[in-house]
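Notes to accompany the following structure.
One-based numbering along the sequence shown. Counting starts at 1 for both ligands and their atoms, following the listed order.
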Amino acid sequence: MAIDPLIVGVARLRRQAGATVHTVVTGPFDPDGSLAPTSPGESYVPEGDDLAFDGLLECIPGGVVVSGEVTSRWRGECRRCAKAVGGDVAVTIKERYLESAQPGDDEAYPLPTDLLDLGPALRDAIVLELPLAPLCDEACKGLCVQCGRDLNDGPCACETPTDPRWARLDVLRSPE
Ligand SMILES: [Zn+2]
Ligand SMILES: [Zn+2]
């Protein structure tokens with residue numbers, strides 16, 4: 001069985017309240033594939049990519065506080081022109097792991113043994129920071145709705161979209 005690098009032993013740390021340990025780990029973002037993108041417009045962490053954590057674990061009564069920075073990469077599609085876009089995401093976290101917590105608790109992550117699984121806290125933080133509707137550029141002009149040309153490359157030959165009702169009026173107005 002492969003060892004998950006995001007699972008950290010905290011038995012020694014937990015012998016003394018207030019003790020801290022600097023921890024740097026890198027591990028798979030989505031080991032079971034459950035966070036795969038659900039639509040092409042959403043951004044996601046590339047499959048097989050790692051996330052990294054650099055921070056402190058601190059022993060508190062009944063558990064451990066995890067604080068530090070989580071970093072990962074993301075990819076997606078520009079919501080206007082569908083060009084591939086991507087970047088880095090970095091989030092500062094401060095989360096508690098408690099013996100008394102149950103899976104799904106809002107307040108803290110469970111710490112049933114002296115093996116602390118950083119994965120859930122790190123993944124939750126990254127998922128919240130992924131761009132919902134990424135843009136290749138704030139000024140992206142998008143695609144022409146008629147011919148599909150990427151208007152960032154210059155204007156297309158299409159006329160301004162005409163409402164059919166006005167088109168009929170144009171015919172009435174035009175000279176014989
Ligand atoms: Zn774009
Ligand atoms: Zn066009």
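The distance from the CD atom of Glu77 to the OG atom of Ser43 is 11.0 Å, given to the nearest 0.5 Å. To the nearest 0.5 Å, the span separating CZ on Arg149 from NZ on Lys141 amounts to 11.0 Å.
Angle SG(Cys140) to the Zn ion (ligand 1) to SG(Cys81), rounded to 10°: 110°. Taking the Zn ion (ligand 2) as the corner point, the angle from Cys144 atom SG to Cys156 atom SG is about 110° (rounded to 10 degrees). Rounded to 10°, the angle formed at the Zn ion (ligand 2) by SG of Cys147 and SG of Cys158 is 110°.
Counting non-hydrogen atoms of neighbouring residues, nucleotides and ligands closer than 6.0 angstrom, the CD atom of Glu69 exceeds 12 such neighbours.
Using modelled atom types, one finds a donor on one side chain and an acceptor on the other under 3.5 Å when comparing Tyr109 with Asp124.
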